[in-house]
J.: 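Below: one structure in structure tokens.
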Amino acid sequence: EAGVAQSPRYKIIEKRQSVAFWCNPISGHATLYWYQQILGQGPKLLIQFQNNGVVDDSQLPKDRFSAERLKGVDSTLKIQPAKLEDSAVYLCASSLERTTGELFFGEGSRLTVL
Amino acid sequence: AQSVSQHNHHVILSEAASLELGCNYSYGGTVNLFWYVQYPGQHLQLLLKYFSGDPLVKGIKGFEAEFIKSKFSFNLRKPSVQWSDTAEYFCAVGSAAGNKLTFGGGTRVLVKP
């Protein structure tokens, strides 16, 4: 079974530039998550989708971050404009249902903002 | 709001030593509890989980964890570690109503050969 795919793996940009990350979840997984993991910290949930609807985006900085999940499958997370403090690994995860509890993570996209 | 606290940021031990990582959580309702592991260069993966029933749960690679409801704790243990257990370990809590997970800050474990 293919895992969660993310791209790009690494991205370096200057502050105030924009960046987009892409995620393809495991086939059939209805729930998709984006987490932000800053160096030395645990992952922090940014947004959770159930199919193509947003379940929770309470911790998403909406003035600069946006995310969408097209047709309930792939998802894109965008940052515009980026700040230095956005340097982190952006993790995408998916799960079969909301209540199973087991998340399957991708390898992450490491963002460095200079 | 949920919160998770992991007691140690770094642990260094020798092969065959016993390992115990502490995890405490704060949440007012029924919880599901997890330990995830991230080996060097790999993605996060599930080590074990507790939903209900026997509070002592066993996971992969000889790990186990005990849920103590009165202490809001879910500590991870392994009687005898191997060099391959070098990794970062994350405790996570989810509400029983849905699987939004809140993660602790992680504990980096280094096992010396």
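Please read these numbers as outputs of a predicted model, since none were measured by experiment. Every chain is numbered from 1 and lettered A, B, ... according to where its sequence line falls, protein lines coming before strand lines.
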J.: Does a sphere of radius 6.0 Å around CG in A:Leu39 hold more than 12 heavy atoms from other residues, nucleotides or ligands, not counting ones at 6.0 Å or beyond?
T.: no
J.: Atom NZ of residue position A:Lys71 - does it have more than 12 heavy atoms of other residues, nucleotides or ligands inside 6.0 Å?
T.: no
J.: At a 4.5 Å cut-off on heavy atoms, which part of A:Glu107 comes close to chain B: side chain, backbone, both, or neither?
T.: both
J.: Rounded to the nearest 0.5 Å, what separates atom CD in A:Glu102 from atom CZ in B:Phe34?
T.: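 So the gap between those two atoms works out to 8.5 Å.
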J.: Verify the cluster assignment for B:Trp35 and B:Val111: are they in a single hydrophobic cluster under the rule of side-chain heavy atoms below 4.5 Å apart?
T.: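 Yes, B:Trp35 and B:Val111 fall within the same hydrophobic cluster.
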J.: Would you say that more than 12 heavy atoms from the other residues, nucleotides or ligands in this model lie under 6.0 Å from the CH2 of A:Trp22, or not?
T.: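 For A:Trp22, atom CH2 is crowded (more than 12 foreign heavy atoms under 6.0 Å).
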J.: Using a cut-off of 6.0 Å, state whether more than 12 heavy atoms not belonging to B:Glu15 lie near its atom CD.
T.: yes
J.: Does B:Tyr36 reach the main-chain N or O of A:Leu103 with its side chain, forming a donor-acceptor pair under 3.5 Å?
T.: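 Judged by distance alone, yes, a pair lies under 3.5 Å.
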J.: Tell me, for B:Gln38 versus chain A, whether the close heavy atoms (under 4.5 Å) come from the side chain, the backbone, both or neither.
T.: side chain
J.: At their closest point, which heavy atom of A:Phe105 faces which heavy atom of B:His43, and how far apart are they?
T.: O-CD2, 3.4 Å
